[in-house]
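Reminder, nothing fancy here: chain letters follow the sequence lines and each chain counts from 1.
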Amino acid sequence: MDLLELSEQEIIRRESLKELRSLGIEPYPAALFPVNTNTVTIKDNYKPEENNFQEVVIAGRIMSRRIMGKAAFAELQDSEGKIQIYVNRDELCPGEDKTLYNTVFKRLLDIGDIIGVKGYAFVTQVGEKSIKVTELTILSKSIRPLPIVKEKEGKVYDAFTDPEQRYRQRYLDLIVNPDVKDTFIKRSKIINTMRNMFNERGYLEVETPILQSIPGGASARPFITHHNALNIPLYLRIANELYLKRLIVGGFDGVYEFAKDFRNEGMDRTHNPEFTVMEIYVAYKDYNWMMDFTEEMIERVAMALHGTTEVTVGDKTINFKAPFKRITMFDAIKEHTNIDISNMNEDELRKTCKELGVEIDDTMGKGKLVDEIFGEKCEGNYIQPTFITDYPIEMSPLCKRHRSNPELTERFELMVNGKELCNAYSELNDPIDQMGRFQDQLKLSEKGDDEAMFIDTDFVKSLEYAMPPTSGMGIGIDRLAMLMTNSPSIQDVLFFPQMRPEKKNDADSNSKFLELGIPEEWVSLVKKAGFTTIDKLKEANPNKLHQTICGLNKKHKLELQNPSADDVRAWLA
RNA sequence: GAUUCAGUAGCUCAGCUGGUAGAGCACAUCACUUUUAAUGAUGGGGUCCUGGGUUCGAACCCCAGCUGAAUCACCA
């Protein structure tokens, strides 16, 4: 790294690093550090009258410092929280040599450094539980300044808020914005709660292929890649449904997977190109059973996270207490439009869409028309958890026909806060019907629907060996996490949301500058002056370049022998 | 994809009608033994996102681009 590319603060920290080493202190020691407790345990359990926590060893990052002469306070942050430490010169350095306090602690350490301390708990005059430090070890020196966030009485000053920096440098976000950590701890708890419930019931957690030669199980545009050895295209999965159902054919009674799926579509507040879905399939069940199972699961998640079924989401309170409201799709449309579409044919549906002002196009079949009406007129109204049931058959090519109406399917979606959260079926296990439905998808595809499903003949073959009656359910984990943590954007529940790559530094390599006869020690100065490429340099005014780089030499006290104006002209010739 | 807004010091942000680049925190030096957004004094720190244009003169006006955000559209 070129010193001239660094800010003043970074240079000072690098010099501190050298000075530490010259004092015989390794800023990145190899040995373990024997931590015996943590900040929050001390804060929660220290009682001065019990005189406990009198030999504590903790480690963490220095988040603030208040130095006054022979005494200093600092805040140490570990994975659990923060605690104040008190460093007194004569307690840290009982002998004659006060270097560790005067030089190392006061001057060479910075906010952001990771240190270990040994000491004992006490309460300061203003009543704050603190650790008096008797030994101090540098564990890792930070050479880049951290964003400084200050806080007083719950009010945050100079918060680190720029979304671009927060997402690109999530580690900084986690260090300085403690609530962020909490969101991800909750996310993990959601998954664990679900996993525990499934395991209690004896269902098996499985893994299925992410690279698939036919991207099946959903309607979406896939990412495509290439396998060199096989010389075939492979797709990143858009769903894992067809593989999990093969496992039910294979004889497992319950299988589930927390899966990353990938869809090559737009990105916005609720869509990331890769996202997490949990899908579960249980043999000998139907979608009515699955509704009971789903509401129990979600209620349990809410209780595990919040200790109550009521969760605040934006300006709304959502109650996840089971049972949830259940309504058929046709009844939902009737409720919100006063129109009964249950007996309409395709032309009548088109007419109805026009009357309702729902935008449609010629590629849409009957199912898609119904879906459009629902999406436009109903979906947003279901704030409290609501099961929408019995979808038209055209929209659900993997779902079993309704037991009492062959135009419909035994399908439900769970709507919460106006958005779809779960999708579930009594799974289609009639292989001949399944093949016919795939062929209908092919027709839709020929009609221009670029999201119609591919035919997976191997999956149909598996059904021909007989799959037990099965119910399956999928739930978007990111969206569930958004609801349960009151996060308005999917980016807030993904550690590393997809971002456009940062623009590249287009500087030419130093060797190209050397070829022009520029001495090595001057190349970085030329770049610092703004001439980062040879092309830019060729257009430079030699006199101005000469003055600029000589100025930089002086300014940064590099004490190089200045080149003559003729030398500079020769570089540009 | 459309529209709007934003990009200035390590961080958060000012910057008037176009006239020498500003503050707080952070950093450096000094003072200070229980502070807590510590304090006081002094000081250093800038590719004003990038590239063009207009102008005697651009952080500011115009054009193009990059990145992000919001709204809408698309999308199980």
Side-chain angles (χ1 to χ4, degrees), chain A residues 5-13 15-16 63-75 82 84-91 101 106-107 110-112 122-128 130 132 142-168 172 176 217-221 238-239 261 263-271 273 275 277 359 361 368 371 374-375 379 391 395-396 411 413 419-423 450-451 453 474 476 479 488-489 491 499-506 527-532 536 555-556:
Chain A
E5 289 169 21
L6 299 175
S7 70
E8 184 194 26
Q9 291 194 46
E10 289 171 296
I11 293 166
I12 288 165
R13 286 180 180 221
E15 278 165 4
S16 298
M63 297 303 287
S64 70
R65 296 197 302 163
R66 293 178 288 278
I67 294 174
M68 50 219 126
K70 290 173 218 163
F73 291 90
E75 266 187 309
K82 287 184 204 174
Q84 176 172 267
I85 60 170
Y86 173 64
V87 184
N88 179 293
R89 185 187 70 187
D90 298 320
E91 295 201 43
Y101 181 78
K106 274 170 70 174
R107 196 156 61 74
D110 291 288
I111 289 173
F122 76 111
V123 177
T124 64
Q125 285 184 359
V126 277
E128 178 157 347
S130 308
K132 192 173 280 192
S142 151
I143 58 172
R144 229 180 235 273
L146 222 47
I148 303 293
V149 178
K150 295 218 173 187
E151 197 186 314
K152 187 189 187 184
E153 287 154 7
K155 203 176 163 190
V156 177
Y157 297 81
D158 297 339
F160 180 64
T161 52
D162 176 16
E164 183 164 4
Q165 281 195 79
R166 286 186 50 217
Y167 302 144
R168 285 194 200 278
L172 284 183
V176 303
S219 308
R221 282 194 291 271
I238 55 175
D261 287 348
R263 298 188 182 177
N264 204 343
E265 293 167 349
M267 288 165 58
D268 62 27
R269 212 173 54 249
T270 54
H271 296 83
F275 59 101
V277 169
E359 275 187 47
D361 63 58
K368 200 129 190 181
D371 191 35
F374 180 80
E379 191 174 271
Y391 283 59
M395 302 165 57
S396 315
R411 172 179 182 179
E413 288 193 355
K419 285 247 156 53
E420 167 203 341
L421 182 62
C422 300
N423 184 22
D450 62 354
E451 292 185 336
M453 287 185 192
R479 290 197 186 165
S489 163
Q491 298 176 115
M499 303 285 279
R500 216 174 277 273
E502 280 186 282
K503 66 181 168 202
K504 277 180 239 140
N505 186 354
D506 62 351
K527 285 189 171 179
K528 173 84 173 172
F531 303 102
T532 49
K536 281 186 194 170
K555 182 176 165 189
H556 291 281

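- Rounded to whole Å, the separation between the P atoms of B:G43 and B:U36 comes to 26 Å.
- Between the C1' atom of B:A26 and the CD atom of A:E8 lies a distance of 11 Å, rounded to the nearest Å.
- For B:G57 and B:C11, the C1' atoms lie 32 Å apart once the distance is rounded to whole Å.
- Nearest to the side chain of A:P145, among B:U35, B:C11, B:G10, sits B:G10.
- Remark: A:R411 is positioned above the aromatic ring of A:Y391, its terminal NZ or CZ atom under 6.0 angstrom from the ring centre and at most 45 degrees off the axis.
- Partner assigned to B:C30 is B:G40, using Watson-Crick or G-U wobble distances below 3.5 angstrom.
- Base contact: A:R411 has a heavy atom under 4.0 Å from a base atom.
- In this structure, CD of A:Q84 is placed 11 Å from C1' of B:A38, rounded to the nearest angstrom.
- Taking atom CD on A:Q9 and atom P on B:G45, their separation rounds to 13 Å, with Å as the unit.
- For B:U35, there is no paired nucleotide, since no Watson-Crick or G-U wobble pair has both relevant distances below 3.5 Å.
- In the set B:U33, B:U67, B:A37, the nucleotide with an atom closest to the side chain of A:K150 is B:A37.
- Look at CZ on A:R107: it is 13 Å from P on B:A31, rounded to the nearest Å.
- Toward the 5' end of RNA chain B, the nearer of the two residues A:R13 and A:D371, judged by each one's closest nucleotide, is A:R13.
- Of the residues near RNA chain B, A:E413 and A:S64, the one whose nearest nucleotide (by heavy atom distance) lies more toward the 5' end is A:S64.
- Side chain of A:D90, nearest nucleotide from B:U35, B:U33, B:A28: B:U33.
- Across the P atoms, B:U50 and B:G10 are found 14 Å apart, a figure rounded to whole Å.
- Side-chain N/O atoms of A:D158 and base N/O atoms of B:C13 include no donor-acceptor pair closer than 3.5 Å.
- Among the protein residues, A:R269 comes within range of the sugar-phosphate backbone only, with heavy atoms under 4.0 Å from sugar or phosphate atoms but none that close to a base.
- A:E128 contributes no side-chain N or O that forms a donor-acceptor pair with the base of B:U34 under 3.5 Å.
- On the C1' atoms, B:C49 is 16 Å away from B:A69, given to the nearest whole Å.
- Under the 4.5 Å side-chain criterion, counting only non-hydrogen atoms from C-beta, A:K419 is in contact with A:T270.
- Distances shown here put a side-chain N or O of A:Q491 below 4.0 Å from the OP1 or OP2 atom of B:A69.
- As a whole-Å value, the separation of A:D268 CG from B:C75 C1' is 8 Å.
- Of the candidates B:U12, B:U34, B:C27, B:U12 carries the atom nearest the A:Q165 side chain, counting heavy atoms from C-beta on.
- Comparing the P positions of B:A9 and B:A59 gives a spacing of 14 Å, expressed to the nearest Å.
- Distance CD1 (A:I148) to P (B:G45): 20 Å, rounded to an integer number of Å.
- Checking B:C32, B:A26, B:A69 against every side-chain atom of A:I111, the shortest atom distance belongs to B:A26.
- For B:C25, the paired base is B:G10 (Watson-Crick or G-U wobble, both distances below 3.5 Å).
- With a cut-off of 3.5 Å on both Watson-Crick or G-U wobble distances, the partner of B:G1 is given as B:C72.
- Rounded to a whole Å, the NZ atom of A:K70 is 16 Å from the P atom of B:U35.
- Side chain of A:F122, nearest nucleotide from B:U34, B:C75, B:U35: B:U34.
- Between A:R66 and the phosphate of B:A38, there is a side-chain N or O to OP1/OP2 separation shorter than 4.0 Å.
- Other residues, nucleotides and ligands place more than 12 heavy atoms under 6.0 Å from the NZ atom of A:K132.
- Contact of A:K132 with B:U34 (side chain to base): a donor-acceptor pair of N or O atoms is detected under 3.5 Å.
- Out of B:C32, B:A38, B:C75, the shortest distance to the side chain of A:E265 is found at B:C75.
- Minimum atom distance to the side chain of A:I12 is reached by B:C27, of the listed B:C27, B:U67, B:G10.
- The side-chain heavy atoms of A:E413 and A:L421, taken from C-beta on, include no pair separated by under 4.5 Å.
- In this structure, A:A72 reaches neither bases nor backbone, as no heavy-atom distance under 4.0 Å exists between it and the strands shown.
- Atom P of B:A14 sits at a distance of 8 Å from the matching atom of B:G7, rounded to the whole Å.
- A heavy-atom distance below 4.5 Å is found between the side chains of A:R13 and A:S142.
- One interatomic measurement links the two molecules: CZ of A:R65 to P of B:U33, which rounds to 17 Å at whole-angstrom precision.
- Comparing atom distances between the A:Y86 side chain and each of B:A73, B:U12, B:U34 picks out B:U34 as nearest.
- Inspection of the A:R269 and A:S489 side chains reveals no N or O donor paired with an N or O acceptor under 3.5 Å.
- One finds no salt bridge joining A:R166 and A:E164 here, because no Lys/Arg side-chain nitrogen approaches an Asp/Glu carboxylate oxygen to under 4.0 Å.
- Residue A:T124 has its side chain nearest to B:U36 when only B:C27, B:U67, B:U36 are considered.
- The phosphate of B:G68 (OP1 or OP2) has a side-chain N or O of A:R168 nearer than 4.0 angstrom.
- No side-chain heavy atom of A:K70 sits under 4.5 Å from any side-chain heavy atom of A:E91.
- A donor-acceptor pair under 3.5 Å links the side-chain atoms of A:E265 to the main chain of A:R221, judged by distance alone.
- The C1' atoms of B:G44 and B:G51 are separated by 32 Å, rounded to the nearest whole Å.
- When the C1' atom is used for both B:A21 and B:C60, the distance is 12 Å, rounded to whole Å.
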